[in-house]
Amino acid sequence: MASTPEELSISYSEDGTEVVKELDKVILSKGAWTTILFRYQEWNRAKDAYGPEKYSIRRYQKRSGEYLPKSKFNISSQDQAKAIIEALQSWLD
């Protein structure tokens with residue numbers, strides 16, 4: 001487990017293949033509760049290639065010096081990401 005937010009990752013390998021490839025991350029908040037926005041791709045076995053970019057917002061709670069995953073929200077497409085951006089932008093303007 002990770003002891004700092006910078007160490008947290010959603011990369012995942014199975015049988016020597018990186019099934020979830022983390023492309024980038026932004027730490028949105030730090031502390032006892034940490035929120036991170038990840039950009040990633042998933043391996044498509046049928047096509048033998050990575051699929052389109054996806055995004056995930058994840059919350060972690062620090063307990064006994066380690067960050068434990070508590071919740072996540074996956075943004076499954078660029079269209080959904082753009083709709084979220086537009087909604088937030090309209091609320092903030």
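Residue indices begin at 1 and follow the sequence shown.
To the nearest 0.5 Å, atom CG of residue L8 and atom CD of residue E66 are 9.5 Å apart. In this structure, CD1 in I57 is found 13.0 Å from NZ in K72, a value given to the nearest 0.5 Å. One finds the CD1 atom of I27 at 11.0 Å from the CG atom of L37 (value rounded to the nearest 0.5 Å). The structure places CZ of R59 at 10.0 Å from CG of L28, a figure rounded to the nearest 0.5 Å. To the nearest 0.5 Å, atoms OG (S76) and CD (E53) are separated by 13.5 Å.
For K30, the side-chain hydrogen bond (donor to acceptor under 3.5 Å, both in side chains) partners at least two apart in sequence or on another chain are E6. Contacts of N74 classified as side-chain hydrogen bond (donor to acceptor under 3.5 Å, both in side chains), with partners at least two apart in sequence or in another chain: S56.
Residue pairs meeting the ring pair (Phe, Tyr, Trp, His ring centres under 6.0 Å) criterion with at least one partner in residues 2-40, sequence neighbours excluded, are absent. Listed by first then second residue, pairs satisfying side chain to side chain donor-acceptor pair (under 3.5 Å) with a partner in residues 19-28 read S9-E22, not counting sequence neighbours.
Screening S29, S71, P5 for a side chain to side chain contact (heavy atoms under 4.5 Å, CB included) involving T35 leaves a single residue, S29.
Considering only heavy atoms from C-beta on, Q41 stays 4.5 Å or farther from K54 through its side chain. For the pair T34/Y67, a side-chain contact is recorded, criterion being any heavy-atom separation below 4.5 Å from C-beta on.
Cluster partners of Y50, using a side-chain heavy-atom cutoff of under 4.5 Å among ILVMFWY residues and allowing indirect links, are W43. When hydrophobic side chains of Ile, Leu, Val, Met, Phe, Trp and Tyr are connected at separations under 4.5 Å, L92 ends up as a singleton with no cluster partners.
Surrounding CG of D15 are at most 12 heavy atoms belonging to other residues, nucleotides or ligands under 6.0 Å away.
Under the 4.5 Å side-chain heavy-atom criterion for grouping Ile, Leu, Val, Met, Phe, Trp and Tyr, I84 is connected to Y55 within one hydrophobic cluster. I85 and V26 are not part of a single hydrophobic cluster, where members link through side-chain heavy atoms under 4.5 Å apart.
The two atoms that bring S11 and E18 nearest to each other are OG-OE2, 3.6 Å, heavy atoms only. The two residues N44 and K47 make their nearest non-hydrogen contact at OD1-N, 3.1 Å. The minimum heavy-atom distance between V19 and R45, with the atom names listed, is CG2-NH2, 4.1 Å.
Remark: side-chain polar atoms of S77 are paired, donor with acceptor, to backbone N or O of Q80 under 3.5 angstrom.
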